[in-house]
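My structure is below; once you've seen it, I'll send some questions.
Proteins get letters first, then strands, A, B, ... in listed order; numbering begins at 1 in each. The analysis underlying the following values was restricted to heavy atoms, covering all of them including side chains, and did not include hydrogens, waters or symmetry mates.
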Protein chains: 2
Amino acid sequence: MSVDGSAHAPRRMPTMRDVAEQASVSPMTVSRVLHEDPRVSSTTRDRVLAAVDALGYRRNEVARNLRLGSKSGLIGLVVTNLANPFYSQFALGVEAIAGANGLRVVLTNTDEDPERERVLVEELSARRIDGMIVVPSGADHSHLDPLAPGGVPVVLGARPPSGLPLDCVLVDDFGGARSATAALLAGGHTRVGFLGLPPSVWTSSERFRGFCVALEEAGVRLESRYVRVSQRTIPAAEEAARALLSLRRPPTALFCANSRNTLGAFRAMSQVAPSTALAGFDDFELADVLGVPLIVAAYDPRELGRTAMELLLRRMSDEDPPLEPRRIVVPATVVHYGG
Amino acid sequence: MSVDGSAHAPRRMPTMRDVAEQASVSPMTVSRVLHEDPRVSSTTRDRVLAAVDALGYRRNEVARNLRLGSKSGLIGLVVTNLANPFYSQFALGVEAIAGANGLRVVLTNTDEDPERERVLVEELSARRIDGMIVVPSGADHSHLDPLAPGGVPVVLGARPPSGLPLDCVLVDDFGGARSATAALLAGGHTRVGFLGLPPSVWTSSERFRGFCVALEEAGVRLESRYVRVSQRTIPAAEEAARALLSLRRPPTALFCANSRNTLGAFRAMSQVAPSTALAGFDDFELADVLGVPLIVAAYDPRELGRTAMELLLRRMSDEDPPLEPRRIVVPATVVHYGG
DNA sequence: TTGTACGCGTTATCAA
DNA sequence: TTGATAACGCGTACAA
């Protein structure tokens, strides 16, 4: 019955040659029809289009791009943890701008593993993606060098480059932490705790710096026993907060360097010391319904993604006079949620 | 100075031919070295590897796949809204299994626009992706037919196929809604409201069906004035809930078909009628700290993604005896959060 | 108006 | 052990 001899489904995608045969013309003519070249008689065009339709032919973009010189129309996005709403919003921002420019996004997740990141970056560049946006998980960025032979345009997200002249988009971690801490100190606190991640995480160390400066400016002493910086999960943060609040002279206010720490702290204090004042970096859904006063340093992760993609577009197009690397800082604003 | 004449950076990625020239061998030999073909003398191999290193050569996967027969190593993921944590978790599950099988994921977002979905699907298949996982936004799935000429293996996520024999993974929307509603009714309520999306959204209509059956089983009458099904955002849901709770004889319990409606309802009731009982589909972060008793139908979106990818792998490999389409339903469990 | 020849970067096959 | 040739699907220059 069927022309193929195959009973139910085509095993192979039709090619231009298949279309050409079906329409009894040369592949060249098919190509012309698909490019809407006017120098084709309308009868042959109709025959070709009929064949295209009958076979369900679609141009092979891969072969096309190979011929045209390796523009894949794909950009790579390497994030550390897509489960974090921050990064999914970030990805969405990237995708929006990329899509508007005819580019698709290949998404990959590193789980904060530098080795995995290195492998993924290699692989993406072997696929001849046109550019990459990377949230680097380690301090060594040598595998990202766009000037290295075979290098690819790169923009870093959320963390600055180390030792390489790369574009990047950052949150104002320092300023946001400083302002939020200042707002917290406006309550007149003199014993303030800090919950965060190890200083090896760049954002966290910046936030700690902002915290310290705000204390200094308010003339409040920093007590190292009030500082805990190794909580990566909500339960760990709750544990650490509970420890602080159980000291003989506990802090009366807490600043948390990210939302997981803020949430852990909230859980601990609502049980142990409900009147503790709370502030943190990162806004989160439901911050307003916790039922306690809360100050957060908020920013727009989607905006961050959009900006990163815009930087990448600029970097991808304009190549020859190597552009000065740009560092764009997205502001963080202080938001007060009422109790 | 430099061999190219170019001053600062390579304009073009080195190819096998470049390496071959640099090492004074044929491209074929380079290929063999890269494939660790043993039939190469160690001296030539060293020369080739040195050239590879010097030039920073990386194999062009695109050309390679073209030669090998259009396996791109890429799968497409088409979701409706990545900003929804459900879909980012889903994507993460897909990505995990894909990555473990050497596949990368091209991520695209439709914003629930069927036309955009159609265009994206076309484009992905023109890129010769090896398969697709799609969360369809419309009822017409004709553009997804894998049996159509040029069709691609497809698995649907979260919504069932209409009129096509496609694999899909679903949440037990009906059962979850029924169980959660039953748990709600255990409180002895006789006036129960429903907040959700229009029945055109499949998941929502299933959840409504579960809700209705639970009412029936408990001998509770369904009152249509207690049903509101057009809230897509938290504020809209809050508004609708407020309207219900302001009726002369308001419902004493509310069932919400998704987390946005649950959150809106929570906001409304905490102001208007704090003693209203609340249940909803979808778990969410912080459900336990709202300070009111809450029943949710919970499931694991990441598991859903993993399962979808596993179905796709199976579909992609085993081609010839067209497999029976499979429908896998992931269970939803009822969780009680205390007040 | 249509077709031929070649190239994009890689690899399978066969010959040397 | 190595190389020449052809081919994957498509596009461009040129010829017919």
Angle of first-five versus last-five pair axes in the helix from C:dT1-D:dA16 to C:dA16-D:dT1, to 10 degrees: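 The end-segment axes of the helix from C:dT1-D:dA16 to C:dA16-D:dT1 are tilted 50° relative to each other.
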
With A:Glu61 via salt bridge (charged side-chain N to carboxylate O under 4.0 Å, His left out) - residues at least two apart: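 Only A:Arg59 meet the salt bridge (charged side-chain N to carboxylate O under 4.0 Å, His left out) criterion with A:Glu61.
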
N/O (side chain, A:Ser26) to phosphate O (OP1/OP2, C:dT4) under 4.0 Å: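 So the side chain of A:Ser26 is outside the cut-off, no N or O lying under 4.0 Å from OP1 or OP2 of C:dT4.
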
Short side-chain N/O contact to C:dT2 OP1/OP2 from A:Ser41, under 4.0 Å: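 Answer yes for this pair, as a side-chain N or O of A:Ser41 is under 4.0 Å from OP1 or OP2.
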
Under 3.5 Å side-chain donor-acceptor pair for B:Ser24 and B:Arg47: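 The answer is no; no qualifying pair exists.
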
Sequence-distant partners of A:Glu310, side chain to side chain donor-acceptor pair (under 3.5 Å), two or more places apart: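 Applying side chain to side chain donor-acceptor pair (under 3.5 Å) to A:Glu310 gives none.
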
For B:Phe86, ring-ring contact (aromatic ring centres under 6.0 Å, His included) partners two or more places apart: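 Once residues adjacent in sequence are excluded, the partners of B:Phe86 under the ring-ring contact (aromatic ring centres under 6.0 Å, His included) criterion are B:Tyr299.
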
Contacts of B:Gln89 that satisfy side chain to side chain donor-acceptor pair (under 3.5 Å) - sequence neighbours left out: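 With neighbours one apart ignored, the set is B:Arg302.
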
B:Arg306: partners by salt bridge (charged side-chain N to carboxylate O under 4.0 Å, His left out), with sequence neighbours left out: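 Counting only residues at least two positions away or on another chain, B:Arg306 forms a salt bridge (charged side-chain N to carboxylate O under 4.0 Å, His left out) with B:Asp300, B:Glu303.
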
Set of residues satisfying side chain to side chain donor-acceptor pair (under 3.5 Å) with respect to B:Asp46, sequence neighbours excluded: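 Once residues adjacent in sequence are excluded, B:Asp46 has no partner under the side chain to side chain donor-acceptor pair (under 3.5 Å) criterion.
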
Check the interface with nucleotides 10-14 of chain D: list each N/O to N/O pair with the protein under 3.5 Å, or write none.
unit_1: D:dC10; atom_1: OP1; unit_2: A:Tyr57; atom_2: OH; d: 2.6
unit_1: D:dC10; atom_1: OP1; unit_2: A:Asn60; atom_2: N; d: 2.9
unit_1: D:dC10; atom_1: OP2; unit_2: A:Met16; atom_2: N; d: 2.5
unit_1: D:dG11; atom_1: OP1; unit_2: A:Arg64; atom_2: NE; d: 2.6
unit_1: D:dG11; atom_1: N2; unit_2: A:Arg67; atom_2: NH2; d: 3.1
unit_1: D:dG11; atom_1: N3; unit_2: A:Arg67; atom_2: NE; d: 3.3
unit_1: D:dG11; atom_1: N3; unit_2: A:Arg67; atom_2: NH2; d: 3.4

B:Thr44 side chain near D:dT2 phosphate (N/O to OP1/OP2, under 4.0 Å):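 Yes, because at least one side-chain N or O of B:Thr44 sits under 4.0 Å from OP1 or OP2 of D:dT2.
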
Touch class at under 4.0 angstrom, heavy-atom based, for B:Val25 against every strand present: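 Result for B:Val25 = sugar-phosphate.
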
Atom pair distance, as rounded to whole Å: CG in B:Asp37 and P in C:dT10: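 One finds 17 Å between P of C:dT10 and CG of B:Asp37, rounded.
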
Spacing of B:Asn65 atom CG relative to C:dT11 atom C1', expressed in whole Å: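 Roughly 12 Å, once rounded to whole Å.
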
side-chain hydrogen bond (donor to acceptor under 3.5 Å, both in side chains) pairs, two or more places apart, involving residues 160-169 of chain A: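 Qualifying pairs, neighbours excluded: A:Asp167-A:Arg315.
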
